[in-house]
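A quick write-up on the structure given underneath.
Both ligands and their constituent atoms are indexed starting at 1 by order of listing.
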Amino acid sequence: MEKKSLKIEKQNLLEENLLQWEQVQNNLKKNLGSQIYSSWLKDINLLKEYNHFVVLGVQTRFFRDWITSRYADKILDEIKKHKLSINRIEFKIQDEKTDNKAVYSHPTENNVADIKDSVLNYNRLNPNLNFDNFVVAESNELAYLSAEKICSQLSRYNPLFIYGGVGLGKTHLINSIGLKLRETNQVMFISAERFMYQFIKSIKKNEMVTFKDFFRKANVFIIDDIQFIRGKEGLQEEFFHTFNSLFDRSSQIVISSDRAPNKLDRVQDRIKSRLSGGLVVDIGIPEYELKLKILKKKIKEFENSFKEYPNLSEEVVDYIAKDSNSNIRELIGVFNRIVAFSKMSKKPLNINDCKIILKDVYRSSKVITIEKIQNVTSNFYSINLEEMLSPRRSRPLARPRQIAMYLAKKLTTRSLPEIGRKFANRDHTTVIHAVKTIDKLSQGNEEIRKNVEEIKSIILSD
Ligand code: ADP
Ligand code: MG
């Protein structure tokens with residue numbers, strides 16, 4: 001009874017507060033400028049809306065990757081202004097003939113409360129991460145071959161334990177296993193974090209029996225990022241029992257981790273020994289060859305999506321492969337960014353352009369201080385720092401001051417009040433005003449835009 005009325009309430013809330021997508025789009029256009037809007041955001045559709053997330057439709061995988069890497073935060077912020085409860089966006093690719101059913105077969109509002117279905121919500125395999133588009137070179141060949149092997153010989157190596165650094169394709173590979181095996185098996189795919197979340201929820205709701213049954217009935221159990229269990233005793237206990245019961249029934253277990261089993265500190269020895277009892281393989285640091293192959297594949301994808309060549313010379317592609325970090329996720333981000341720039345600037349990029357773009361991408365790994373931004377900006381305008389920070393409001397001082405505040409907000413993780421303090425104890429509202437002003441000016445005023453870009457590239461270049 002009680003549950004039911006809750007549901008009805010939820011439903012009402014939902015209907016009262018449906019997201020006005022058109023408004024969101026209008027605001028995005030205003031905030032990001034019409035060029036970005038019409039190149040990237042115009043054709044996004046709102047496909048589905050749930051209490052806490054929305055599913056947006058985009059045309060191609062390329063669009064999805066690009067939008068995710070550049071605009072997802074901004075879209076989410078904008079959505080939140082209209083509907084605060086939304087905390088996540090999912091993208092669905094509309095043009096590609098991929099099997100999206102599994103990914104988007106969300107439970108309806110009516111059965112969310114049921115443990116089985118709420119688990120289902122996270123038991124989603126991504127159809128885009130499959131064996132066919134997993135690029136192989138020496139650094140990941142063993143992991144790839146092992147993954148393929150267990151698909152044809154279930155339980156031969158049990159468990160299969162794949163480890164390696166961030167962004168090197170672990171999730172991609174184990175997701176591929178799930179996709180392949182689910183054709184004929186009961187596959188469970190979950191991250192260790194989700195596993196814990198379900199575990200705690202089940203304890204609270206007194207549903208441990210259902211929990212245990214649910215996880216132990218799979219005959220292929222894939223768990224991502226097992227390092228998450230470090231230091232969590234209760235979770236380890238439950239995982240140990242789940243593992244044993246699956247193992248005793250000869251269910252295939254596949255595990256990914258950011259480090260080798262023996263390096264999992266604060267994990268019970270008995271678990272470590274179970275984890276290394278099957279086949280342990282690692283994915284190594286990607287070598288130049290792998291990166292180059294991945295870039296070439298991405299170029300193909302781009303050609304297929306846009307029916308045009310992305311205008312990157314071999315030299316540039318080679319440069320990206322050589323100079324990029326050893327993280328494939330970032331490599332793809334860099335590629336998307338470079339392609340987008342060349343598309344917008346309508347001219348082929350040279351290596352120097354790429355350097356600037358790469359710096360921008362990798363700036364997160366470098367600390368940029370507000371002091372540095374202030375120094376570069378005041379130098380750029382040939383004014384002295386004290387003047388720039390002084391209360392004087394004349395334009396030749398106020399504009400650089402605003403630009404420095406703007407860049408402090410964009411290039412550092414400092415909060416608005418912190419930034420204000422560094423600018424001779426100004427209020428955070430002054431910083432907000434500066435950010436808004438420069439954002440606006442750099443859309444209409446070519447000179448300001450160019451100066452901001454130039455200052456930015458000086459800050460990022462050393
Ligand atoms: P991890 O789980 O190791 O952090 P992911 O599996 O999430 O890394 O991979 C990061 C991104 O790089 C994904 O978009 C994935 O598709 C891509 N990727 C990683 N390795 C490869 C590969 N060998 N071939 C193609 N794409 C890859
Ligand atoms: Mg992963």
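Atom 18 (N) of ligand 1 has Ile328 CG2, 3.4 Å as its closest protein atom, hydrogens excluded (heavy atom only). Considering only non-hydrogen protein atoms, atom 23 (N) of ligand 1 sits nearest to Val135 O, 2.7 Å. Scanning the protein heavy atoms around atom 16 (O) of ligand 1, the nearest turns out to be His172 ND1, 2.7 Å.
With ring centers used as reference points, Phe211 lies under 6.0 Å from Phe195.
Which of Gly164, Ser139, Gly165, Gly169 comes nearest to atom 19 (C) of ligand 1 through a heavy atom is settled by distance: it is Gly169.
Ser415 and Glu418 are linked by a side-chain donor-acceptor pair at a separation below 3.5 angstrom, with hydrogens and angles left out of the test. In this model, a donor atom of one side chain and an acceptor atom of the other lie less than 3.5 Å apart for Asp224 and Ser256. Between the side chains of His172 and Asn126, no donor-acceptor pair is found at a separation under 3.5 Å.
For Glu183, the CD atom counts as densely surrounded, since its 6.0 Å shell holds more than 12 non-hydrogen atoms of other residues, nucleotides or ligands.
For ligand 1, none of its N or O atoms has an N or O atom of Ile332 under 3.5 Å away. Between Ile294 and ligand 1, a contact under 3.5 Å exists for no N or O pair. Looking at Leu168 next to ligand 1, an N or O pair under 3.5 Å apart turns up.
For the Mg ion (ligand 2), the nearby protein N/O/S atoms, meaning those under 2.8 Å, are Thr171 OG1.
Atom 13 (C) of ligand 1 is not flagged as protein-proximal [any protein heavy atom, distance under 4.0 Å].
Near Leu129, meaning under 4.0 Å from any of its heavy atoms, are these atoms of ligand 1: 16 (O). Using a 4.0 Å cut-off to heavy atoms of Asn140, the atoms of ligand 1 that qualify are 23 (N). Atom numbering of ligand 1 starts at 1 in the shown order; those under 4.0 Å from a heavy atom of Asn133 are 24 (N), 25 (C).
Put simply, the side chain of Ile370 reaches to within 4.5 Å of the side chain of Arg414, judged on heavy atoms.
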Determine, step by step, whether Gln23 and Glu78 satisfy the side chain to side chain donor-acceptor pair (under 3.5 Å) criterion, reporting the C-alpha distance in whole Å, the side-chain angles of both residues, the deciding distance to 0.1 Å, and the verdict. CA-CA 9 Å; Gln23 263 178 35; Glu78 204 49 61; over 6 Å; no
